[in-house]
K.L.:
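This is the structure I have questions about; it appears just below.
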Amino acid sequence: MNTPKRYMITAALPYANGPLHIGHVAGAYIPSDIYVKYLRLRGKDVCYVCGSDEHGAAITIRAKQEGISPQEIVDKYHGIIKNSFEKLNIDFDIFHRTSAKLHHETASEFFLDLYNNGKFVEKTTEQYYDEEFHQFLADRYITGECPKCENENAYGDQCEKCGSALSPLELKNPKSTLSGNTPSLKSTTHWFLPLDKHQEWLADWIENGMLDGEMHHEPKTWKKNVMGQVKSWLQDGLRPRAITRDLDWGVDVPQEIKGAEGKKLYVWLDAPIGYISATKQLALDGKIADWKTYWQDNDTELIHFLGKDNIVFHSIIFPSILKAKGEYILPKNVPANEFMNLEGDKISTSKDWAVWVHEYVEEFPDKIDELRYVLTANAPETKDSEFTWEDFQTRVNSELVATLGNFINRIAVLTHKYYDGVLENDIAAYESISEDLNQVFLTPNSEAIKSELERLIEQFKFREALDLLMTLARNANKFLTDKEPWKTIKTDEAQTKAVLFGSAQIVASLGIIAQAFLPNTAKKIFNLLNMESASWDDIGNLNLLKTGHKINEPELLFNKIDKEFVAAQVEKLEAKKKAKMEENKVVEEKKPEPLKAEIQFDDFAKIDLRLGTIIAAEKVKKADRLLHFTVDMGFETRSIVSGVAEHFTLEECIGKQVQVVANLAPRVMKKIESQGMILFAEDAQGKLHFVSPSSEVGNGNGVA
RNA sequence: GGCGCGGUAGCUCAGCUGGUUAGAGCGCAGCACUCAUAAUGCUGAGGUCGAGGGUUCGAGUCCCUCUCUCGCUACCA
């Protein structure tokens, strides 16, 4: 494999139904940004795109909740997210959006082309449609009369009276459970991507790195977590996946296609094409000459950065689409990160357990690099990691302030104190310490820090790479302590000058490396040194700054974080979580589950509820949630399967008296026949509780 | 239940194709130093490498069984 001529770097499109939290940023955006900054420092041709993913059902639902249009939702979050990236100095060439006209055209064209070339499988079925709610009805949204037993309340998939399996079309007098109206029958067509047909080349590509008989990439360079998950999917066997939906918010299925009306592209098809439309926009803006070279030229290296939830889309589905389309290159690598937890718990939007980026950048605009540093040093590269504010404090104080910032400050202060900020030197003395200076640029294993940095970054090991920046600063501190210029100033002027001169060169190298990780800090360092930025190859250059050059007044790069800061942040988290819980409670109270359609007494009377006692309980094999109960019903013993294994231990079930729906049609689950259903009470958290009579009632008696 | 990542010092993590006394940073203890945001440097204490078997002259590193975290997936009337 030869060196690529250019790079196409993508970062997963954030979903525009909420703001960004630190987990998103640590997972996909900071790593990709570091990688891109590094490539650019080395003078590479890089195109780096992202954008907001603005379609899909979740956005329409959110819009309904907030009482505004989907467009308003995505406009709002697109703005917030874009601003967060800018404040964090994540430098996309473009932050596009999938609601843009160009994207709709691009995705639509893409779809049509694939369609015309027979790359999809089409399935047309007759489905019931609710005119009032403007949507197709899933099986369970339809009730009607069972053709076999004349039960009037059979569901679209099954009649619960006679137990027969049904399809909605068999029902007599069907009704929509949404509006209560009679639904109309409409034929609907959906398109599927036959992933099963792609299985073979995908396996060869992923496992061996071979594409069309040629070496495409070295499989060993893919991260274990990514490889593992992808292979797992391949082993299971790939299945066709629907790529269209009946929705009203998204990219239309092209009108040229029969049956396209009311159909939208499924978001996961639409979203990755967003990378391409973003690149097109970039070309229209005149920022790049031609978008095609970045997507269709074999000399381009395509890399997708993302979180683990997106692995399958980017390493199986999107590559299948690109391959089916033809002409497009496939990703060389898909470096996915795992998840970041927060203070011992999973980050959760619904519980508001998160550090929100837009809030952080607003509150601490002078601590951007601190966040970038901590999120990189603790990135979930191989396994889930954890962010705590205490760790944030420790890392800032003992690493950024005490090691990196302190060294630079020492040099600035000494140079100003002794030489009024002017770099002086003594050739002979400089020669005598050059060996020591070169040592500073070596790792403890005597590897060159510069080449190690290159190796690690190219392997996507950013936390280790960042640690090398600290290694350099530690070495530098040691060098300075060993040379003791504050002592030699009294005895050996030449030596003192040489040491400070050399130290200033180290500071410059620190600045160069910082450009990839800590852009604001790099700027401050260069400003302090009174110089323009420098190129990557000047790392370790001991004569970058010249004799007689004057540096600026010392200025602190970082400030210490105190206990109060940490306490305030933790408190804020707890308070918001609590507030959110209250809010959720209120919502629950205000919006109880809507009542189901009214039934007649006759309907109710059909249900035969009886009391019984659980006399035996065991776990159902090969099913995590199922328990198999033996229930003494008084007149007989029943075998009943319930999905409650997560709620109760076997011991606490035995001996409990329970209410049983005794005339429910039997159903076989995991080869065990379940003869009835046990009733449980469910609380707001979804936890189940036994509903037992307050005093002993004989088994087999009814419930009235 | 199936599959996958992970389970290594108090904390966060490295340990490639098996090879001498298992590493780093932070934290902790002691010493040195004073140019520096009480910062820095040196030294040290701290580990049955999740548990149990096996292969081997030799295993954190390979095989088997089990277990825990997280994720994907199935079942959940």
Side-chain angles (χ1 to χ4, degrees), chain A residues 155 158 160 163 220 223-236 307-309 311-312 336 338-339 341 346 374 377-388 390-391 393-395 397-403 405-418 443-445 456 461 463-464 466-467 470-471 473-489 496 499-500 503 554 556-560 619-627 640-647 660-661 664-672 674-679:
Chain A
Y155 287 109
Q158 192 192 20
E160 305 217 327
K220 278 184 193 161
K223 291 170 68 165
K224 264 196 197 173
N225 54 340
V226 175
M227 251 333 206
Q229 176 150 170
V230 174
K231 277 188 177 177
S232 164
W233 270 63
L234 289 173
Q235 264 170 35
D236 276 1
K308 68 174 159 187
D309 49 336
I311 291 174
V312 181
E338 301 284 300
F339 287 159
N341 295 322
K346 287 182 204 180
V374 175
N378 200 15
E381 286 180 0
T382 56
K383 55 181 158 187
D384 290 355
S385 70
E386 174 144 335
F387 179 95
T388 66
E390 203 183 319
D391 181 61
Q393 178 195 29
T394 306
R395 299 201 103 108
N397 290 356
S398 67
E399 296 174 26
L400 289 179
V401 175
T403 305
N406 186 227
F407 172 72
I408 292 168
N409 191 235
R410 292 168 88 183
I411 300 308
V413 169
L414 284 170
T415 305
H416 274 275
K417 197 164 180 176
Y418 298 156
T443 69
N445 296 326
L456 290 168
K461 295 183 175 174
R463 54 192 297 168
E464 251 187 281
L466 181 60
D467 191 55
M470 297 316 295
T471 300
R474 279 183 210 106
N475 291 348
N477 273 315
K478 178 171 165 52
F479 168 80
L480 195 63
T481 305
D482 287 349
K483 296 299 175 201
E484 301 179 302
W486 47 92
K487 278 189 180 166
T488 59
I489 186 72
T496 309
V499 166
L500 289 184
S503 297
L556 296 181
L557 294 181
F558 306 101
N559 290 302
K560 287 205 149 198
K619 273 220 66 178
V620 175
K621 282 179 190 168
K622 299 193 179 184
D624 283 355
R625 297 184 187 166
L626 299 183
L627 288 185
I640 297 179
V641 177
S642 294
V644 297
E646 289 166 331
H647 302 280
V660 176
V661 181
L664 185 64
R667 170 130 166 181
V668 175
M669 278 175 281
K670 291 285 171 191
K671 295 185 179 170
I672 299 169
S674 181
Q675 305 156 329
M677 177 173 161
I678 297 175
L679 301 183

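In what follows, every chain begins at residue 1, and chains take the letters A, B, ... in the order their sequences are listed.
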K.L.:
Take atom C1' in B:rG19 and the same atom in B:rU61, then report the distance between them in whole Å.
P.N.:
11 Å
K.L.:
Using the C1' atom as the point on both nucleotides, what is the distance between B:rG47 and B:rA36, in whole Å?
P.N.:
36 Å
K.L.:
Rounding to a whole Å, what distance do you find between A:Gln229:CD and B:rC5:P?
P.N.:
11 Å
K.L.:
For the pair made of CD in A:Glu338 and C1' in B:rG6, what is the distance, rounded to whole Å?
P.N.:
8 Å
K.L.:
What does the B/S/- profile of nucleotides 17-30 of chain B look like, 5' to 3', with a 4.0 Å heavy-atom cutoff to protein?
P.N.:
--------SSS---
K.L.:
Between B:rA45 and B:rU55, how far apart are the P atoms? Round to whole Å, please.
P.N.:
36 Å
K.L.:
Let me know, please, whether A:Leu556 or A:Glu386 comes out on the 5' side of the other along RNA chain B by nearest nucleotide.
P.N.:
A:Glu386
K.L.:
Whole-Å distance between B:rA38 P and A:Asn409 CG?
P.N.:
10 Å
K.L.:
Which whole number of Å gives the distance between the C1' atom of B:rA22 and that of B:rG58?
P.N.:
15 Å
K.L.:
May I have the distance from A:Ile672 (atom CD1) to B:rA77 (atom P), rounded to whole angstrom?
P.N.:
14 Å
K.L.:
Figure out the CD1/C1' separation between A:Ile311 and B:rC5, and round it to whole Å.
P.N.:
9 Å
K.L.:
Within the pair A:Lys220 and B:rC16, is there a side-chain N or O less than 4.0 Å away from OP1 or OP2?
P.N.:
no
K.L.:
Find the distance A:Asn406:CG to B:rC35:P and express it as a whole number of Å.
P.N.:
13 Å
K.L.:
Yes or no on side chain to side chain contact (heavy atoms under 4.5 Å, CB included) for A:Phe407 and A:Asn475, after CA distance, side-chain angles and deciding distance?
P.N.:
CA-CA 10 Å; A:Phe407 172 72; A:Asn475 291 348; over 6 Å; no
K.L.:
Describe the nucleic acid contact of A:Val401 in one word from base, sugar-phosphate, nothing, applying a heavy-atom distance below 4.0 Å.
P.N.:
base
K.L.:
Rounded to whole angstroms, how far apart are CD on A:Gln235 and P on B:rC72?
P.N.:
18 Å
K.L.:
Mind checking if A:Phe407 touches a base, just sugar-phosphate, or nothing, with heavy atoms under 4.0 Å?
P.N.:
nothing
K.L.:
Quick one: is A:Lys487 getting a side-chain N or O under 4.0 Å of the B:rC33 phosphate, OP1 or OP2?
P.N.:
no
K.L.:
In whole angstrom, what separates A:Glu381's CD from B:rU12's P?
P.N.:
16 Å
K.L.:
Think A:Lys308 has a side-chain N or O under 4.0 angstrom from the OP1 or OP2 of B:rC70?
P.N.:
no
K.L.:
With rounding to the closest Å, how many angstrom separate the P atoms on B:rG54 and B:rC16?
P.N.:
25 Å
K.L.:
State plainly whether the residues A:Lys308 and A:Asp384 are in salt-bridge range, i.e. N to O under 4.0 Å.
P.N.:
yes
K.L.:
At under 4.0 Å between heavy atoms, what does A:Thr471 touch on the DNA or RNA strands: base, sugar-phosphate, or nothing?
P.N.:
nothing
K.L.:
Taking atom C1' in both B:rG1 and B:rC75, what distance in whole Å separates the two?
P.N.:
9 Å
K.L.:
If you look at every heavy atom in A:Thr496 and A:Pro485, which pair is closest and at what distance?
P.N.:
CG2-O, 3.9 Å
K.L.:
When the P atoms of B:rC62 and B:rG71 are compared, how many Å lie between them, rounded to an integer?
P.N.:
26 Å
K.L.:
Of the options B:rC72, B:rA14, B:rC75, whose atoms approach the side-chain atoms of A:Leu626 most closely?
P.N.:
B:rC75
K.L.:
Which of these, A:Val641, A:Val661, A:Ile640, A:Val660, sits in a side chain to side chain contact (heavy atoms under 4.5 Å, CB included) with A:Met677?
P.N.:
A:Val661
K.L.:
Which nucleotide sits closest to the side chain of A:Trp486: B:rU40, B:rU34, B:rU12?
P.N.:
B:rU34
K.L.:
I want to confirm an ordering. Mapping A:Lys560 and A:Lys346 to their closest nucleotides on RNA chain B, which one lands closer to the 5' end?
P.N.:
A:Lys560
K.L.:
Heavy-atom distance under 4.5 Å between the side chains of A:Thr488 and A:Val499, does that happen here?
P.N.:
no
K.L.:
Write down the distance separating the C1' atoms in B:rA39 and B:rC26, rounded off to the nearest Å.
P.N.:
16 Å
K.L.:
Is the phosphate of B:rG4 approached by A:Lys224 (side-chain N or O, under 4.0 Å from OP1 or OP2)?
P.N.:
no
